[in-house]
Protein chains: 2
Amino acid sequence: MKHITIKDIAKKLNVSTSSVSRAFNNKYDIKKETRDLILSTAKKMGYIPNPMAKKLTQNCSLNIGLVVPEIINGYYSEIVIALQKYLIKRGYQVLVMQSDENENQELKNVKTLINSMVDGLIIAPTVGNKNISYYLEKYNNGYPIVFLNRISENLPASKVIFNNIKWSFFATEHLILQECKKIYHLAGYKDLSVSKERIKGFKKALKKYKFSSKDYKIIETGLLAKEGMRVMENLILKNDIPDAFFCVNDMVALGAMKKLKDNGYKIPEDVAFVGFTETRVAKLVTPQLSSVKQPTFKMAKKAGELLLKRITDPNAEIETQIFNGELNLRKSSVREVSN
Amino acid sequence: MKHITIKDIAKKLNVSTSSVSRAFNNKYDIKKETRDLILSTAKKMGYIPNPMAKKLTQNCSLNIGLVVPEIINGYYSEIVIALQKYLIKRGYQVLVMQSDENENQELKNVKTLINSMVDGLIIAPTVGNKNISYYLEKYNNGYPIVFLNRISENLPASKVIFNNIKWSFFATEHLILQECKKIYHLAGYKDLSVSKERIKGFKKALKKYKFSSKDYKIIETGLLAKEGMRVMENLILKNDIPDAFFCVNDMVALGAMKKLKDNGYKIPEDVAFVGFTETRVAKLVTPQLSSVKQPTFKMAKKAGELLLKRITDPNAEIETQIFNGELNLRKSSVREVSN
DNA sequence: TTTGTTTTCGGGATCGTTTTCGGTAAATGA
DNA sequence: TCATTTACCGAAAACGATCCCGAAAACAAA
């Protein structure tokens, strides 16, 4: 079961290995007949080119590194899938590593990927920003990196982000228009850039409708369902329940809703809910959860696109793509007018 | 920004490239002092070994291919994560491809991975089995493959599977012991091996408790929430609602439950539910969903272990690991005795 | 000092490609 | 007919490591 190489074909046909190589790369200096002959016998012999050798000569790994904070919450698994679909077609393979929402792990992941000589990196940073300067240094040395989500708009690097401020404004405004008078925001991590932005949008809406500081709270949670539950448990104990919650993501919202429901609160009659970064579970719970949907596939594809651009031209201009989404209204936040 | 190679170090220290190589691989024929000297200057110079070259000489890619049917439902994303954690430590990288529950796509994925010369494959087949013979042929030619889930126990190859029959028996028995008299099984795909097995377990329990053919139904669905909804919608229209459902997975269960709840049925009072392959959403819905939890991490790790064993010794004996899980009882299936 | 053994090291082949360079033969032009 | 271009092909040098083999150096025993 030895592997057929270019040499075997060359020997069989009494041509040089250069010709065989040329036949496959089909670029120049090869007659059509010899090319066809080589290709057909290669096929007959069951030849497959050795990617390791090819990569060595061309000094590229054809691997792309993708670093994500997690892939269990649905959003990033969709990113992975979409990116993979896009890059596979273009001859690249994707190495995914997850940071478990941990800065040190993230840095280790990035270094591992760089040492394994990926041709480029797509980084969705986790909470905290102590690594960003390191990444930027690499970036400025010409290392192809595209940032995805969770970074500030004015980071001087190519990036794909979501317009968090705008859509958290809309989400909050929607709650206000439902006549919610007291709104709490379950806000993720205070060091997380998307949290910061969603807080901004939240506050912007409150300001527009002249909410006083008594009428809202911003509570740091985390990004998991259990953290939504924990926070809600506290609020219930303190009997401090507003008439609406705007949550940093669906998981936190679902956890919080669950706790409230179990304690006899009616949603949306007593308390309205809006999530963010819609997951497919949103439609499966009762009541269905209103949420802001992000164009995951498009964002991943764009990230891949920008990265390939940077790989072919490391001096390409910095490009920033800001995406918009849609606010899907469902039962959890819509108080029906009885008819 | 040219890369430092082994030659640069050799030149700088007036030693041969062989010595530098030996210093790094630290195997034999190298004096401790020269080794230390080489390693320290290499570090100073910022040398990182070129994996492409290493792979070429050693004729291995240090890549493992993982083919899964999907990674959006939680189960397989956990598999991906766990496998990656296990293999990264051992110097391997994991290339994940998903088949979208499509046989042709799956075959394409496998071929892509083989052509990219992965050192081994872990395959979680999708529905249907027309590819299995192809895989087995590769396997018997010494290609390292480990099968994961969705295959029959007597497939002559290394594999990691879950004891579906046993645990679907338990799940069904539990419903029976809750005094459910009429139980429907939402069964996934009829060509899917896990579906077949879970049906077996289901029937086994029914037989033990002497259910007549009027008292149960097996309904082909699919594996997604929306298919659970679709099927349930039909049943509601036909007013054909039993007092319990045992579902092929949580997603189908959740979809079905949602439809029922929206139509005024009470769970578990009117209809009890048990899912399978527990997802973390199970705890977030109301009522919480009873389900069979699989030891995902252990299974993935074991698959990696078996694969590495086969890679180092292609003639290693066929090994089959059958895992057990646990039946987590929650509100959806437990009719509380009022007290 | 001689001989034998062990440790340490360098030379060079090798892995399977790509690519440059140079050369031959055919085609073209006048 | 001769010169010049074009088309095609082979030899050989890369790419960056590993590893076998033989030789030098170090050491021990005689």
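Proteins get letters first, then strands, A, B, ... in listed order; numbering begins at 1 in each. Computed from a predicted model, the values in this text were never measured in an experiment.
- Of the candidates D/dA17, C/dT17, C/dC9, C/dT17 carries the atom nearest the A/Asn50 side chain, counting heavy atoms from C-beta on.
- Each of B/Ile123, B/Asn154, B/Ile151, B/Ile122 was checked for a side-chain contact (heavy atoms from CB on, under 4.5 Å) with B/Lys159, and the lone residue meeting it is B/Ile151.
- Each of B/Asn59 and B/Ser16 lies near DNA chain C, and the nucleotide nearest B/Ser16 is the one positioned closer to the 5' end.
- Rounded to an integer number of Å, the gap from CD1 of B/Ile9 to C1' of D/dA17 is 12 Å.
- For B/Ile4 and D/dA17, the CD1 to P distance is 10 Å, given to the nearest whole Å.
- Across all strands shown, B/Pro49 has heavy atoms under 4.0 Å from sugar-phosphate atoms exclusively, and none from any base.
- Nearest to the side-chain atoms of B/Lys31 among the listed nucleotides D/dC9, D/dA17, C/dC9 stands C/dC9.
- Closest to the A/Lys7 side chain, of the nucleotides C/dG16, D/dA11, D/dC19, is C/dG16.
- Protein atom NZ of A/Lys54 is 22 Å distant from nucleotide atom P of D/dA17, rounded to whole Å.
- Side chain B/Thr17 to base D/dA17: no donor-acceptor pair is found below 3.5 Å.
- Rounding to whole angstrom units, CD1 of residue B/Ile6 and P of D/dA17 are separated by 5 Å.
- Checking C/dC9, C/dT17, D/dA17 against every side-chain atom of B/Arg22, the shortest atom distance belongs to C/dC9.
- Between A/Ser21 and the phosphate of C/dT18, there is a side-chain N or O to OP1/OP2 separation shorter than 4.0 Å.
- Sparse packing is recorded around NZ of B/Lys108, with 12 or fewer heavy atoms of other residues, nucleotides or ligands lying under 6.0 Å away.
- Rounding to whole angstrom units, CD1 of residue A/Ile38 and P of D/dC9 are separated by 8 Å.
- Within 6.0 Å of the NZ atom in B/Lys298, the count of heavy atoms belonging to other residues, nucleotides or ligands does not exceed 12.
- For B/Tyr47 and B/Phe24, the ring centers sit closer than 6.0 Å to each other.
- Residue B/Asp8 is classed as having no contact, given no heavy-atom separation below 4.0 Å to the nucleic acid.
- For the pair B/Lys55 and D/dG16, the criterion of a side-chain N or O lying under 4.0 Å from OP1 or OP2 is not met.
- Looking at A/Asp29, its side chain comes within 3.5 Å of the base of D/dC9 through a donor and an acceptor atom.
- B/Thr34 has a side-chain polar atom (N or O) that falls below the 4.0 Å cut-off from OP1 or OP2 of C/dC9.
- The CD1 atom of A/Ile48 sits 14 Å away from the C1' atom of C/dT17 (whole-angstrom rounding).
- One atom, CD of B/Gln58, and another, C1' of D/dC19, lie 10 Å apart when rounded to the nearest Å.
- At the heavy-atom level, A/Leu56 lies under 4.0 Å from base atoms of the strands shown.
- Comparing A/Phe24 and B/Lys32 by the nucleotide of DNA chain C that holds the closest heavy atom to each, the one mapping nearer the 5' end is B/Lys32.
- Across all strands shown, B/Ser18 has heavy atoms under 4.0 Å from base atoms, whether or not it also approaches the sugar-phosphate.
- The side-chain tip of B/Lys85 does not point at the ring of B/Phe297 from less than 6.0 angstrom away and within 45° of straight on.
- Residue-level contact check: B/Val20 touches neither bases nor backbone, having no heavy atom under 4.0 Å from any strand.
- A salt bridge links A/Glu101 with A/Arg150: at least one charged nitrogen is closer than 4.0 Å to a carboxylate oxygen.
- What separates CG of B/Leu37 from P of C/dT8 is a distance of 15 Å, to the nearest Å.
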